[in-house]
Amino acid sequence: METPVKRVPIPKNGVDYRGKIVLAPMVRSGELPSRLVALKYGADLVWGPETIDRSMVGTTRKVNLDTSTIDFTRLPSNSSRPQPEVQTESLIFSTHPVLEHRRLIFQLGTASPSTAVEAAKLVARDVAGIDVNAGCPKSFSTAGGMGAALLQDPERLRSILSALVRDVGQVYEIGISVKIRLLDTLERTASLVRTLCTTGITGLTIHCRTTPMRPRERAIRQQLQTVSKICREAGVACLMNGDVGNKDEALQLMEQYQVDGAMIATAAEANFSCFRKSDEGGLLPWKEVVTAYVTTALEVGNRWGNTKFLLSQLMPGKSEAFQRVVSCSTYQEVCRALELSHLDALAMSVDQKLGNGNRLTKAMKKKMRRGTVKAAATGNQLQVPNSADVRG
Ligand SMILES: Cc1cc2nc3c(=O)[nH]c(=O)nc-3n(C[C@H](O)[C@H](O)[C@H](O)COP(=O)(O)O)c2cc1C
């Protein structure tokens, strides 16, 4: 029998998660240009990367007229180490108010209701929703009581969500949601979901893996229908996540498991055009996606290190073009390597503004340590051995 449809009212400035296929929150891979390209290819909503509440508190909101973005920046926090005389501000979060309007969900890493509220209030006017990360298994998150640690402390998670609903969701009329993982039994997952659905949230994403599961292990979907049914009875939209490869598959899985929406991470990180349905042309060749990505990254003045990391995700490691890109240390060099001469002038001005030079990105350093990319004899130039697939 069909579960009766009840709906938590959608806040005036929020969004209805039903029927949506969305870009997952991804640290590094979900920065502004990634989100804009995902939207361009048809993502209905985009989640920002997890931002820790304490790093958000103390930021200043600035309108950046060069890039038409709203930037939240701060000076590095006080540390016992001596600080340089001239300190540069760090960019903590950035949004494009026109292109992301009513389609951006800001994800918080938090373990405290009051700090979560303080951080969320800073961005509340610029986003359509605030999501709480209750699934990150990494020790930097769980050690502070955040991420997956919240799954073991439902009372704390409940109080965080209730505080956000009352002090942010209702005040700014935006949605509050949560992203969780499966617990080890259906009973425990169901009990947690029931508790969370009493807080006034409008959406819940279930990542269909348990906390100890590695990303390469197949997602398990046996608990999905129960979770979705509990959400539906409470009027909360339920999004599924885990091994959803593209929009066609998302639509089929939503039907099969009776969930309201689907969230895509790894497949999007590899090719943002996974949000195109097959009758819209489906997946595009990497060159087209990379061109769109570089263009967008330049338009919003994205940090070079982040752009270079994304290129290593979006390009096939064996391609000749990637081997040329690996040795680039500026946008101008990348435009040359990818034969994007129409972007030369823009690349030059962005390089100048960002002070891009001959630096190694963290991703390249990691690959060097793994031995898949070897440093050439001269300076920071990198060479990829011909046979190596640097995507691992
Ligand atoms: C590079 C990367 C960064 C991620 N960062 C976050 C994050 O900031 N917050 C979060 O809730 N999940 C994060 N995740 C988990 C994804 O949102 C998603 O739950 C997971 O990858 C499963 O989806 P998939 O099977 O489509 O990859 C990240 C995943 C990847 C691959």
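Both ligands and their constituent atoms are indexed starting at 1 by order of listing. Sequential numbering from 1 along the given sequence is applied to the chain's residues.
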**Message:** Using modelled atom types and a 3.5 Å cut-off, is there a donor and acceptor pairing between side-chain atoms of R35 and backbone atoms of G30?
**Reply:** yes
**Prompt:** Which residue owns the protein heavy atom closest to atom 30 (C) of ligand 1, what's the atom, and how far is it?
**Reply:** M26 CG, 3.9 Å
**Fill in**
If you scan protein heavy atoms around atom 21 (O) of ligand 1, the nearest is A265 CB, 3.4 Å
**Prompt:** Are side-chain heavy atoms of I176 and T202 found at a separation under 4.5 Å?
**Reply:** no
**Message:** If I compare all heavy atoms of L224 with all of M240, which pair ends up nearest, and what's the gap?
**Reply:** CD2-CE, 3.6 Å
**Fill in**
The protein heavy atom nearest to atom 7 (C) of ligand 1 is P25 O, 3.5 Å
**Message:** Can you tell whether the side chains of D243 and R209 come within less than 4.0 Å, N to carboxylate O?
**Reply:** yes
**Request:** Give the residue, atom name and distance (to 0.1 Å) of the protein heavy atom nearest atom 27 (O) of ligand 1.
**Result:** T266 OG1, 2.3 Å
**Close-contact set for ligand 1 against Q107 heavy atoms, below 4.0 Å** = 7 (C), 8 (O), 9 (N), 10 (C), 11 (O)
**Complete:** shortest atom 20 (C) of ligand 1-to-protein heavy-atom contact is with H207 CE1, 3.6 Å
**Message:** Just to confirm my output: which protein heavy-atom neighbour is closest to atom 5 (N) of ligand 1, and how far is it?
**Reply:** V27 N, 2.9 Å
**Request:** For atom 25 (O) of ligand 1, find the nearest protein heavy atom and state the residue, atom name and distance (0.1 Å precision).
**Result:** D243 N, 2.7 Å
**Prompt:** Thinking salt bridges, do E333 and K308 make one under a 4.0 Å N-O criterion?
**Reply:** no
**Message:** In this structure, does ligand 1 have an atom that sits under 4.0 Å from one of the heavy atoms of R28?
**Reply:** no
**Request:** State plainly whether the residues D260 and R232 are in salt-bridge range, i.e. N to O under 4.0 Å.
**Result:** yes
**Asked** Without hydrogens or angle criteria, can the side chains of D344 and S341 be said to hold a donor-acceptor pair below 3.5 Å?
**Response** no
**Prompt:** Would G242 count as a contact of ligand 1 if the rule is a heavy atom under 4.0 Å away?
**Reply:** yes
**Message:** Only heavy atoms of N133, strictly under 4.0 Å: list the atoms of ligand 1 that pass.
**Reply:** 9 (N), 10 (C), 11 (O)
**Item:** Derivation and outcome, side-chain contact (heavy atoms from CB on, under 4.5 Å), residues V127 and I105
**Value:** CA-CA 6 Å; V127 300; I105 311 298; over 6 Å; no
**Prompt:** Could an N or O of ligand 1 be found under 3.5 Å from any N or O of E269, whether backbone or side chain?
**Reply:** no
**Request:** Can you sort out which atoms of ligand 1 are near A24, meaning under 4.0 Å from one of its heavy atoms?
**Result:** 17 (O)
**Item:** ligand 1 atoms in contact with K179 (distance to a heavy atom under 4.0 Å)
**Value:** 10 (C), 11 (O), 12 (N), 15 (C), 16 (C), 17 (O), 18 (C), 19 (O)
**Message:** Between L283 and C274, is there a side-chain heavy-atom distance shorter than 4.5 Å?
**Reply:** yes
**Request:** Could you find the nearest protein heavy atom to atom 23 (O) of ligand 1 and give me its residue, atom name and distance?
**Result:** N241 ND2, 3.0 Å
**Asked** Quick check: does V244 get an N/O under 3.5 Å from an N/O on ligand 1?
**Response** no
**Request:** Please examine the side chains of D44 and R103, heavy atoms only from C-beta on, and report whether any two atoms are closer than 4.5 Å.
**Result:** no
